[in-house]
Amino acid sequence: MVIPPDWVGVAPRPRQVGQTHRSLTTSLGRFGRKAAVAFLLQQVATAYHQDMGITTDFLPHENPHPQFGSAGDDVPDPEVSRSTVEDVVSYLRMLSPPKRGPITDQVRRGEKVFSTIGCGSCHTPSMKTAVHPTIAALSDKEVRLYSDLLLHDMGSGLADNFVEGLATGTEWRTSPLWGLRLVAEHLGGQAFYLHDGRTSDLREVIQLHGGEAALSRLRFFSVLREDQEALLAFLLSL
Ligand code: HEC
């Protein structure tokens, strides 16, 4: 698979957390629950291939059948052209970030709590995109994503015990929190959070934060009830 350099989006942080499928280099993984994918093009081509079973010019060989192996599948047979995949990448890249909900006094109070108890040490409120050579709308822009896009050990409660590249069975990439208020609407009325969608309750999400996040969980449950409510209101304003 040939992947052109594509540093559009969030500027890389000086920490290698993922591996690309390139043989000689590692790049900063930013996409996927375990930050295994460094480039949007790679994410899209792999999604066609793995999630939908559709071959493309980038990954032209069928997946081997789980029972019957790969008879005949070594013949390249791209079903979707290079330009279609690139159009999908452009579409995704140009989607605008979700708009914030109303910012009330309670939401402002919650934002303070969020930073005081240490949620923002992983859910980094804001980053800046790299300079883009041709698309001004993507160049040097502030992005309020609430994630550092890095891997963190979240403890045994959230572990899937699945090692993916450099990510261990207890590590997850910090979920961006932008658009949190729209999750329920997009899932037909009920929100499901965390990598396996196991809960609709934001308090339970925080309760499940272990490992590196254990201290911020403890702090959350030790602040005033009003501060807890304010934090939840803040989350649902994103
Ligand atoms: C050590 C880093 C870290 C800290 C500190 C942290 N989080 Fe997280 N957070 C994560 C990771 C990683 C995930 C993804 C876990 C998963 O999906 O299993 C996550 C997931 C979430 C989610 C679910 C998002 C979704 O769409 O499913 C919410 C909400 C959240 N965190 C809020 C908070 C709040 C509030 C705090 C402070 C009390 C906090 N986090 C502190 C790393 C952190």
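Numbering of ligands and ligand atoms starts at 1, following listing order. Just so it is clear, the model here is predicted, and its values are computed rather than measured. Keep in mind that the numbers below use all heavy atoms, side chains included, and drop hydrogens, waters and symmetry copies.
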Does only the side chain of [X] get under 4.0 Å from ligand 1, or the backbone, or both, or neither? Count heavy atoms.
| X | value |
| --- | --- |
| Leu208 | neither |
| Leu215 | neither |
| Leu194 | both |
| His209 | side chain |
| Ile117 | side chain |

Does a donor on one side chain and an acceptor on the other come within less than 3.5 Å for [X] and [Y]?
| X | Y | result |
| --- | --- | --- |
| Thr170 | Asp153 | yes |
| Tyr146 | Arg144 | yes |
| Thr55 | Asp77 | no |

Pairwise side-chain contact, Val223 with Ile117, heavy-atom cut-off 4.5 Å (strictly under):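 Side-chain contact under 4.5 Å: yes.
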So do Phe220 and Asp227 actually touch side chain to side chain, heavy atoms under 4.5 Å?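 Of all side-chain heavy-atom pairs linking Phe220 with Asp227, none is under 4.5 Å.
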Does the ring centre of His195 sit less than 6.0 Å away from the ring centre of Trp172?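 Ring centres of His195 and Trp172 closer than 6.0 Å.
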Within the 4.0 Å heavy-atom shell around [X], which atoms of ligand 1 are there?
| X | value |
| --- | --- |
| Leu202 | 29 (C) |
| Glu212 | 1 (C) |
| Leu177 | 22 (C), 24 (C), 28 (C), 29 (C), 30 (C) |
| Gly118 | 5 (C) |
| Tyr193 | 27 (O) |

Looking only at protein heavy atoms, which one is nearest to [atom], and what is the separation?
| atom | result |
| --- | --- |
| atom 22 (C) of ligand 1 | Val205 CG1, 3.5 Å |
| atom 32 (C) of ligand 1 | His123 NE2, 3.8 Å |
| atom 26 (O) of ligand 1 | Leu180 CD1, 3.8 Å |
| atom 17 (O) of ligand 1 | His195 N, 2.8 Å |
| atom 14 (C) of ligand 1 | Ser175 OG, 3.2 Å |
| atom 11 (C) of ligand 1 | Met154 CE, 3.6 Å |

When rounded to the nearest 0.5 angstrom, what distance separates CG in Leu238 from NE2 in His123?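 NE2 of His123 is found 10.5 Å from CG of Leu238.
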Side-chain donor/acceptor of [X] to backbone N/O of [Y], under 3.5 Å:
| X | Y | result |
| --- | --- | --- |
| Thr199 | Glu204 | no |
| Ser139 | Ala136 | no |
| Lys34 | Arg173 | no |
| His152 | Met154 | no |
| His209 | Leu218 | no |

Atom 8 (Fe) of ligand 1 and Cys119: any N/O/S contact shorter than 2.8 Å?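 No - counting backbone and side chain alike, Cys119 has no N, O or S atom under 2.8 Å.
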Give a yes/no answer: is there an N/O/S atom of Cys122 under 2.8 Å from atom 8 (Fe) of ligand 1?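 No.
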Arg173 touching ligand 1 at heavy-atom level, < 4.0 angstrom: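 Right, Arg173 reaches ligand 1.
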